[in-house]
Amino acid sequence: IQIVHFKTSVTTEKGQEVVKLSPLPKRAKRTYLAMDTDKELISRCFGLFCCSHDVVRGLMESQEEATEEGINYVAMRNLFVREAKEALDVKVVKKSRSTHIRESSLSIQLSFMDEWTEFRKKMNPDSLTHPPEFVIKPRGQTVWEGKTVKLHCTVAGWPKPRIAWYKNNVLIDAKAHPEKYTVESNYNMHSLEIKNCDFLDTAQYHASALNVKGEASCVATIVIKSMLVTSLSNGFCPEHGVTFRTSIIDKFEVAFGREGETLSLGCTVIIYPTVKKYQPEVIWYRDSVPIKPSKWVHTHWSGERATLTLVHLNKEDEGMYTLRVNTKSGFDTYSAYVFVRDADVEVEGVPVAPLDVWCHDANKDYVVVTWKQPAVEGSSPILGYYIDRCEVGTHHWAQCNDTPVKYTRFPVTGLVEGRSYIFRVTALNKFGVSRPSRVSEAVVAMDPSDRARLRAGPSAPWTGMIKFTEEDSTDSVVPGEPSDVVVTEATKSYVVLAWKPPVQRGHEGVMYYIEKCISGTDTWQRVNTGMPVKSPRFALFDLAEDKSYSFRVRCCNSAGVGEPSVSTGDITVGDKLDLPSAPGSPVATRNTDTSVVVSWAASKEVRHLVGYYIECSIVGTDVWMPCNNKPVKQTRFVCHGLTTEANYVFRVKAVNAAGYSQSSPDSDAVVVKAAICKSDIWPAGLCSLLQSHGILLNNVFIEPSVPGKPTGVTLVEAVKDYMILAWTEAANNGGADVRGYFVDYRTVKGGIVGKWHEMNHKALTTTSYKAENLKENVFYQFQVRAMNMAGVSKASLPSAPLLCKEWTLTVPGAPVGLHVLEVRDNSVVVLWEPPVFDGRTPVNGYYLDLKVASSGEAGWKAVHEKANKMKYMKVAGLKGGTSYVFRVRAQNLVGVGKTSAVLGPIQAQTRPGTKEIYVDVDDDGIISMIFECSEMTGDSEFVWSKNYKAITDTSRLTIVNEKGKSRAIFNNPSLEDLGTFSCVVTNTDGISSSYTLTEEGLKRLLDISHEHKFPVIPFKNEMAIELLEKGRVRLWTQVEKWTADCQVDYVFNDVIVSAGQKYSMKFDKSTGIIEMFMDSLEVTDEGTFTFNLVDGKAKGTTSLVLIGDEFRELQKKSEFERAEWIRKQGPHFVEYLGFAVTQECDVLLKCKVRQVIYYKNLVGVGASQMMLKNKTEKTLIYFNIRDAKIAASERVKSGVTGEQLWLKINEPTEKDKGKYTIDIFDGKDGVKRFFDLTGKDRARVVGGLPDVVAIQEGKSLNLTGNVWGEPVPEVSWSKNDKELLPDDHIKLKFEHGKFASITIAAVTTADSGKYALLVKNKFGTEAGEFTVSVYNPEDEEKEEEKKD
């Protein structure tokens, strides 16, 4: 408020000096002169905000306190004006209103201004006053229900600031609720105490400080955590003298609705005992946020039943609904999930509607609209979104963007100040546009400061003070330059600028021009040439992607355009937000007959995560359905509404403003049915006990509990103002990984302990902590609590009182974090962490001691003699079933430090079913280590380490986990991979194993890998050559291992040869013998023969070189053998002619001749013989029929061809029937063979076929012949002496061994010809012949016409 005190005034009856004005006329214009009830001028004032002083004064301090501070302030100012040369005189002049108005300007300019200027110079109030400033800000806190929390702050400023406290921007009236709030202010120290905290006290609390120089505020968040019990119904209510007990019955179950429908949830609430006129407080929550009644949500409480009605369901309504009933004795709650499914789309393939449309950063002509992507994109990916706006009170929707935007946020400009708008969003893919989303809440286009005052009411109490200053000139001033111009958002579609208004702007409001400049140029171009913007925000569109721009802003008003701001610097147009990475593999666990619990690992690379969508598919269908239509941020979700006994797989995808991530890998299939046990049947501790004894609980869903207490809180180092603590983690983690620790401390003075205080507000991830800002020579006690997903454990036992005094030790402290892995019957691996305090020099080794748990201190013995530089050691030689304890000492150059806390007892016993890591080399030569575990829970993971350090370098190993098996694959095995690899399964009873890869082992694995990558087919014999009868040549080999798919290429001089006139090949896959034959060796056959084998990936090669003398010698042998064979085909000498002299002095000429003689009736045909003294060798052959010799004739002939003997009977008759015999006799032995040609069972065609068939073209021909013979003859057909084969045109059948048929569909002239039915068995062959003639009537008519 600005007030000008004029020198002209009057003295009233009350003795006050005021200006006396004439009465106001009825139609006088509004004046800015403040008057009292007597129409006396008080001051000239300008309103900053419109509200009642009485209302504000009632909300805050009393008028007396405000007046007192005003007096103190004026008194303080008077101290600085004692040196004024003369006081300001007050003259009393009676003037009319018009006279006063005319002379006021001249009075100020002349007589008053000089004196007032001197007064201001002497007084200079700005050197004393300054705006509020928070020296100490209130800190956010997290407390349990029922506790008291207190916020503190310290504020500096003059005049003394007034403090107001707000809860979620709503003023806290401590005087109206003294049982809940207490506000105190002493010596600039202010506090707000909140008593008996409950869930509703979780909020943001603002402390606002205000004086005449300005305003400051700060925020603290209070979080009230619920106890582990679900209700608190044992509190006695003194007001009514009873303890209220609450029961919620007739509860609503998990509900499913569809968009557009109406859904009601309800529970019956029984409060006992019944007190007249007392009603409990009934509150509904969605996802832990209280629900406020609106046009979409109706609540009702009848006194017995609480009902919540969701009108016109939308996906925004999906979530966990909780009914909370508060009584004077406590509360009770019940929760169930509500799923909202998409409405049916109007066009097949289009996406479903987006959801959660909200407005942010609203200003005079600008607002940012955000939304969330739907779970279902339709039959194709979403291409973008359209944003529509509608002015409240109208029904006209206008599209805000011409081209679809990919990001789920968009700046809307061009709003009219003071008007309210609502927004909606539609999604677009190549099949069309979705239905619009639910409309947003209405937002007013106005300045944010005005909105804050309207929302929160007055920001400070009325102090009762008036600030006396000179009236500023009303002339317009060119505004200064804006400051802090920054780019708040940058995408491919737009860039958003934000800045702070100028300090120098006069009384007028200012507007802004935005200018841009392409990088590398000095040309600035105004963007909004048509109309300046009112908001200190602006969105620029139509910028070139991947180009760099700089931006600046100018202010303007009626006086002109100000200087430009500082440039933003080069800004590249493009997306600044990347798509999230795919979530980890989901794990599905049985829950109920219609639900499954799905958990997964969070996306590792994601910014501004919106949440996750879960999808399910029945195995074998490949149809994916959404499990939730509203994204969830937690990494665990219960999927309801599944089909009982069906087999499902699940996958998850993450969402942020940039879009969807890739889907996670599919989970293992799970059958939907009730879990075997739950935590209310088998506690987690019992299940762990059963598992430790080898009892496996497959698909058991166990709710985790809080972990056990940490133990062994010890001091490992002390300095002047800090101490380093260490402790041992709890033996029981509650069924879930411990996520961190909280440390509390208290002082101990003279045996009296103080209150416990928290040391760390953020959970620790290690079992050690540096407690800082302590006081030297003061005793402290410490306690530790562990935290997992279920909550925080009870505190550990307090440590002994520890003195904060600097140690003078030079040796290292005690190692910490001892634990064991790979417990076996005769060995165990002990691991530890280095001491927090190294001493004077770094630690250079460790010593490990052990003893039998039951022995005394004298039983300790060292495991090794030399210091171990590693932070682990495998202890071997243990006795199975014996319990041991361990301790470790660290060493540096000065000496050996003190021992660590004792670890154990640890029983040396191998768990039943324990498996070890084994190495596998697959068919592709890939080397991998495999570890299997059959006792994994839903949250269990495989963790691989090298030398017991977590593997972070994924370039050496690739980890693949599937179905209780983990495979660590070596990407490029080398000497860098030597070491000990271990694998631990989390959330189990220490299941672990290790494998040590040595240089020799690596070499052996590489050899095996090479064999698997490039397998070789082994040979029993290399290729060999053999000379056969007739001079034939055989090349052969035999393989040792082969399969049925083995193939052979026969190569001569690098050219593949195939079977034909020259070569014949054979591969006997029963024996593995491969052969190639040649009838003779020619000159061109000199060279290299090769057999190339391919059997899958395996290959084999064997070769034989035939060149030079070796080839020529073999060729001669081949030619000789062939000539000999040809010679022996006719009469030839077995023994050549020789002579011998007998005892009788006779000369005996002797030779051995082999010849062939045919006999008929013992008469030789074409025979010749040479014999002396009856010494001869003859081969006699007889053909007999019915024991009679066959006579040679023109019709009956016999002969020999090669090694075949034959008898040919031309045109056989009935007389030729009979039993034929062949006798072969060589003078010593004979052979007989028989052949029956009786003809009784000879194959015959006995009828059914005509001699000639004439058929019209286009008709179908079907003929059947009757066949006889025993055994059943073989049947074939011929056309024009060529074998006829069946096809789509000709069908051939042979049925019942008697009927042979031929069918020709739609005959043509090409089907004309001579056909035959051929039948054959071992007793003979016969043909039934017929002729088919196909004619065309039209052709015949034409021929007749020509003849005519």
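Around atom CG of Asp1054, no more than 12 heavy atoms belonging to other residues, nucleotides or ligands sit under 6.0 Å away. More than 12 heavy atoms of other shown residues, nucleotides or ligands fall within 6.0 angstrom of atom CG in Asp1287. Counting non-hydrogen atoms of neighbouring residues, nucleotides and ligands closer than 6.0 angstrom, the CZ atom of Phe1120 reaches no more than 12 such neighbours. Residue Glu916 qualifies as enclosed at atom CD: its count of foreign heavy atoms under 6.0 Å is above 12. Atom CD of Glu1274 has 12 or fewer heavy atoms from other residues, nucleotides or ligands within 6.0 Å. At most 12 heavy atoms of other shown residues, nucleotides or ligands fall within 6.0 angstrom of atom CD in Glu1110. Counting non-hydrogen atoms of other residues, nucleotides and ligands closer than 6.0 Å to NZ of Lys1066 gives a total of 12 or fewer. Within a 6.0 Å radius of NZ in Lys1279, more than 12 heavy atoms belonging to other residues, nucleotides or ligands are found.
Of all the heavy atoms in Ile1017 and Ala1098, the pair that sits closest is CG1-CB, 3.8 Å. For the pair Ser1009 and Val921, the tightest heavy-atom approach, listed with the atom from each and the gap, is CA-CG1, 3.8 Å. In terms of heavy-atom proximity, Tyr1050 sits nearest to Glu1075 at CE2-O, 3.9 Å. Closest approach of Arg1032 and Asp1079 over heavy atoms only: NE-OD1, 3.4 Å. The two atoms that bring Ser966 and Asn961 nearest to each other are OG-OD1, 2.6 Å, heavy atoms only. Contact detail for Pro1273 and Trp1268: the closest heavy-atom pair is CG-O, 3.6 Å.
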Please assess Leu1093 against Cys1046 for the test side-chain contact (heavy atoms from CB on, under 4.5 Å), listing each intermediate value before the final yes or no.
-> CA-CA 7 Å; Leu1093 282 72; Cys1046 185; 4.0 Å; yes

For Met1078 and Tyr1063, run side-chain contact (heavy atoms from CB on, under 4.5 Å): C-alpha distance rounded to whole Å, both residues' side-chain angles, the deciding distance at 0.1 Å, then the answer.
-> CA-CA 5 Å; Met1078 294 185 292; Tyr1063 302 101; 3.4 Å; yes

side-chain contact (heavy atoms from CB on, under 4.5 Å) between Ser974 and Arg956, worked out = CA-CA 9 Å; Ser974 66; Arg956 306 301 309 169; 2.9 Å; yes

Does the pair Val1267 and Lys1298 meet the rule for a side-chain contact (heavy atoms from CB on, under 4.5 Å), with working shown?
-> CA-CA 5 Å; Val1267 176; Lys1298 296 180 180 180; 5.8 Å; no

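Inter-residue side-chain proximity for Pro973 and Leu1005 is flagged as unmet; no heavy-atom pair is nearer than 4.5 Å. In this structure the side chain of Met1023 never reaches within 4.5 angstrom of the side chain of Ile1074, judged on heavy atoms. Between Val1275 and Leu1292, the closest side-chain pair of non-hydrogen atoms is not below 4.5 Å. No side-chain heavy atom of Pro1286 sits under 4.5 Å from any side-chain heavy atom of Lys1291. Side-chain contact check for Asn1266 versus Val1245: every heavy-atom pair is 4.5 Å or farther apart. Residues Thr1084 and Phe1052 have side chains not in contact (no heavy-atom distance under 4.5 Å, counting atoms from C-beta outward). Side-chain contact between Val1334 and Thr1308: absent, with no pair of heavy atoms (C-beta onward) separated by less than 4.5 Å. Counting heavy atoms from C-beta on, the side chains of Leu1006 and Ile927 come closer than 4.5 Å.
Rounding to the nearest 0.5 Å gives a distance of 6.0 Å between OG of Ser1058 and CE of Met1065. A distance of 10.0 Å separates CG in Leu1104 from CD in Glu1022, rounded to the nearest 0.5 Å. Atom-to-atom distance recorded for Asp1049:CG and Thr1090:OG1 is 11.0 Å, nearest 0.5 angstrom. In this structure, the separation between CG on Asp1311 and OG on Ser1333 is 11.5 Å, given to the nearest 0.5 Å. For the atom pair Ile1107 CD1 and Arg1112 CZ, the distance stands at 9.5 Å (nearest 0.5 Å). Here OG1 of Thr958 is found 9.5 Å from CD1 of Ile926. Values are rounded to the nearest 0.5 Å.
Here the side chain of Asn1321 pairs a donor or acceptor atom with the backbone of Pro1271 at under 3.5 angstrom. Judged purely by atom type and a 3.5 angstrom limit, Ser617 uses its side chain to pair as donor or acceptor with the backbone of Val623. In this structure, the side chain of Trp1042 engages the main chain of Lys1069 through a donor-acceptor pair within 3.5 Å.
Using modelled atom types, one finds no donor on one side chain facing an acceptor on the other under 3.5 Å when comparing Asn1021 with Thr1037. No side-chain donor from either of Ser1301 and Thr1264 sits under 3.5 Å from a side-chain acceptor of the other.
The existence of a salt bridge linking Glu932 and Lys965 is confirmed by a sub-4.0 Å separation between a basic side-chain nitrogen and an acidic carboxylate oxygen. Between Arg967 and Asp920 there is a salt bridge, since a side-chain N of the basic residue sits under 4.0 Å from a carboxylate O of the acidic one.
Taking the six-membered ring for Trp and thresholds of 30 and 60 degrees, Tyr1315 and Phe1330 have nearly parallel ring planes, at less than 30 degrees apart.
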In a table with atom names and distances, give each donor-acceptor pair under 3.5 Å that connects a side chain of residues 995-1004 to protein atoms at least two apart or in another chain.
residue: Thr996; atom: OG1; partner: Thr980; partner atom: OG1; Å: 3.3
residue: Thr998; atom: OG1; partner: Gly1001; partner atom: N; Å: 3.1

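Among residues two or more places apart in sequence or in another chain, the ring-ring contact (aromatic ring centres under 6.0 Å, His included) test is passed with Phe931 by none. Applying the side-chain contact (heavy atoms from CB on, under 4.5 Å) rule to Thr1071 yields the partners Asp1068, Ile1073; only residues at least two apart in sequence or on another chain are considered.
A centroid separation of 6.0 Å or more is found between the aromatic rings of Phe1019 and Phe1091.
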